[in-house]
Amino acid sequence: VSMVPLPNERIFAAWLDGRMTKVTANHEQQDAHGGHGHGAGGPMTLRGAEFDRDGNLFHEVELDGRVCDCCQTDAALTSEGVIVVYRDRSETEVRDIFKVRQTNGQWSEPEVVFKDNWQIKGCPVNGPAVAAEGKNVAVAWYTEMNDQPVVNVAFSDDAGAEFGMPIRLDEGEPLGRVGVVLLENNQALVTWLEQKETGAEILAHLVSPAGKLGTSLLIAKSNESRGSGFPVIAKRGEEVLIAWTDLEDKRIRTAALKLK
């Protein structure tokens with residue numbers, strides 16, 4: 001679930017919804033007798049809704065009828081409304097990063113952020129991240145287009161309607177698991193996991209719409225296994241907080257980066 005606080009004292013939530021993936025007894029019977037079933041239900045969908053302090057739901061909506069089964073979603077609030085980013089899933093198993101936008105209370109049709117054309121038959125469990133300030137938006141993601149693992153970030157200055165060309169940030173062997181926050185002057189700080197000879201590392205890089213700024217910053221040593229999870233990044237005042245799972249000590253660690 002991705003959640004965003006709204007000005008009307010509600011929370012917007014977006015989630016992967018499996019109600020269409022259920023296999024009914026009738027479908028199973030059809031499969032057993034050579035019918036039209038395929039041994040599985042329909043696709044995973046992306047849905048959204050608002051809720052209040054009492055748990056009441058408002059404006060529940062299907063945002064996309066076919067998405068990647070378990071890649072994380074992310075959402076942010078622009079000056080025009082909510083933007084949700086996620087990994088789509090085409091009929092030919094292309095799983096690129098898509099967006100849906102809320103403008104004047106209406107949701108847009110799903111649109112690709114950038115055509116990586118990454119075709120993969122299984123879910124990579126490696127969703128995108130988005131941050132927004134006013135009309136400025138940054139989206140970071142992992143892809144393996146042309147069999148090359150890459151961590152990219154792209155910028156928008158019109159609340160996510162259009163994005164510029166991706167800027168590559170990784171050092172050659174990324175594992176993905178990205179995070180992003182927007183800073184002053186429309187600069188973004190992006191975090192990800194990178195595989196090194198001595199193990200995985202959590203790296204951070206400052207980037208502007210014009211390109212990378214400086215060199216990557218080592219946040220912490222990590223682990224490439226699924227158990228190390230996804231580092232989380234958030235801005236608070238004049239610092240950026242990062243939290244991650246330390247598998248060796250079996251605890252959550254945090255670090256703070258001063259912005260000034």
### Ile167 to Pro209 - nearest heavy-atom pair and separation
CD1-O, 3.7 Å
### Glu133/Lys235 under side-chain contact (heavy atoms from CB on, under 4.5 Å): CA gap, chis, key distance, verdict
CA-CA 12 Å; Glu133 293 284 349; Lys235 184 173 64 174; 3.1 Å; yes
### Task
Is it possible for you to say whether Ile233 and Leu241 belong to one hydrophobic cluster, with membership spreading through side-chain heavy-atom contacts below 4.5 Å?
no
### Message
Taking Val61 as the starting point, is it possible to reach Val67 by hopping between hydrophobic residues whose side chains are less than 4.5 Å apart?
### Response
yes
### Task
Write down the atom of Val84, the atom of Ala14, and the distance for their closest heavy-atom approach.
CG1-CB, 4.0 Å
### Task
Verify the neighbour count for atom CD of Glu238: are there more than 12 heavy atoms of other residues, nucleotides or ligands below 6.0 Å?
no
### Query
So Leu183 and Val240, side-chain contact (heavy atoms from CB on, under 4.5 Å) or not? Walk me through it.
CA-CA 9 Å; Leu183 309 177; Val240 172; 4.1 Å; yes
### Message
Quick check: do Asp52 and Glu9 have side-chain heavy atoms less than 4.5 Å from each other?
### Response
no
### Single-linkage hydrophobic cluster Val180~Trp192, side-chain heavy atoms < 4.5 angstrom
yes
### Query
Can you pull the salt bridge (Lys or Arg N to Asp or Glu O under 4.0 Å) pairs that have at least one residue in residues 137-161, sequence neighbours excluded?
none
### Least distance between heavy atoms, Leu182 atom then Ala188 atom
CD2-CB, 4.1 Å
### Query
Do Trp107 and Leu77 belong together in a cluster built from hydrophobic side chains that touch within less than 4.5 Å?
yes
### Query
Is Asn8 reaching over with its side chain to a backbone N or O of Arg10, donor-acceptor style, under 3.5 angstrom?
yes
### Query
If we only count heavy atoms from C-beta on, is the Phe163 to Lys99 side-chain gap below 4.5 Å?
yes
### Message
Tell me whether Thr191 contacts the main-chain N or O of Ala204 through its side chain, where contact means a donor paired with an acceptor under 3.5 Å.
### Response
no
Taking distance alone, no hydrogens or angles, what donor-acceptor pairs closer than 3.5 Å link side-chain atoms of residues 217-224 to residues at least two apart or in another chain?
unit_1 : atom_1 : unit_2 : atom_2 : d
Lys221 : NZ     : Glu201 : OE2    : 2.8
Asn223 : OD1    : Ser225 : N      : 2.8
Asn223 : OD1    : Ser225 : OG     : 2.9

### Summary
Contacts of Pro124 meeting side chain to side chain contact (heavy atoms under 4.5 Å, CB included) (sequence neighbours excluded), chain-then-number -> Cys68, Cys71, Arg87, Arg95, Trp118, Ile120, Asn126
### Atom pair CG/CZ of Asp64 and Phe98 - distance to nearest 0.5 Å
7.5 Å
### Task
Of all the heavy-atom pairs spanning Leu206 and Gln187, show the shortest one and how long it is.
CD2-OE1, 3.6 Å
### Task
Enter the distance from Glu194:CD to Ile202:CD1 here, rounded to the nearest 0.5 Å.
12.5 Å
### Query
Is any side-chain heavy atom of Leu193 less than 4.5 Å from a side-chain heavy atom of Ser228?
yes
### Query
Just by modelled atom types, is the Val130 backbone N or O under 3.5 Å from a matching donor or acceptor in the Asp74 side chain?
yes
### Expected output: side-chain Lys135 to main-chain Ser79 donor-acceptor under 3.5 Å
no
### Query
Is any side-chain heavy atom of Leu6 less than 4.5 Å from a side-chain heavy atom of Val82?
yes
### Check: Asp17 side chain, Arg19 main-chain N or O, donor-acceptor pair, under 3.5 Å
yes
### Query
Going by heavy atoms in the side chains, are Val153 and Val178 under 4.5 Å from each other?
no
#### Entry: Within one Ile-Leu-Val-Met-Phe-Trp-Tyr cluster: Leu203 and Ile242, side-chain cutoff 4.5 Å
no
### Message
Could you measure the distance from the CH2 atom of Trp15 to the OG1 atom of Thr73? Nearest 0.5 Å is fine.
### Response
10.5 Å
### Query
Any side-chain heavy atom of Phe114 within less than 4.5 Å of one from Val139?
no
### Asn117 and Met145: CA distance, side-chain angles, deciding distance, side-chain contact (heavy atoms from CB on, under 4.5 Å) verdict
CA-CA 6 Å; Asn117 199 34; Met145 64 177 188; 6.0 Å; no
### Flag, side chain of Thr78 to backbone of Ala132, donor-acceptor distance under 3.5 Å
no
### Task
Could I get the full list of side chain to side chain donor-acceptor pair (under 3.5 Å) partners for Thr45, not counting sequence neighbours?
none
### Message
More than 12 heavy atoms of other residues, nucleotides or ligands under 6.0 Å from CD of Glu239: yes or no?
### Response
yes
### Message
If you define the side chain from C-beta out and look only at heavy atoms, does anything of Asp88 sit under 4.5 Å from Val112?
### Response
no
### Task
Kindly compute the distance separating CG (Leu213) from NE2 (His205), expressed to the nearest 0.5 Å.
6.5 Å
### Query
Hey, mind stepping through Leu16 and Tyr86 against side-chain contact (heavy atoms from CB on, under 4.5 Å) and telling me if it holds?
CA-CA 10 Å; Leu16 298 178; Tyr86 57 98; 5.8 Å; no
### Considering all heavy atoms, the nearest Val181-Ala131 contact
CA-CB, 3.8 Å
### Task
State which residues pass ring pair (Phe, Tyr, Trp, His ring centres under 6.0 Å) with Phe155; sequence neighbours excluded, sorted by chain then number.
none
### Pairs flagged by salt bridge (Lys or Arg N to Asp or Glu O under 4.0 Å) wherever residues 165-179 is involved - sequence neighbours left out
Arg168-Asp170, Glu171-Lys196
## Note on the structure
CZ of Phe51 to CG of Leu57, rounded to nearest 0.5 Å, is 8.5 Å
### Task
Determine yes or no for a side-chain-to-main-chain donor-acceptor pair under 3.5 angstrom, with Gln119 supplying the side chain and Thr92 the backbone.
yes
### Task
Would you name the heavy atoms of Glu60 and Ala49 that are closest together and state the gap between them?
CA-CB, 3.7 Å
#### Entry: Point-to-point distance, once rounded to the nearest 0.5 Å, from CZ of Arg89 to SG of Cys123
9.0 Å
### Query
Is the closest side-chain heavy-atom distance between Tyr142 and Leu175 below 4.5 Å?
no
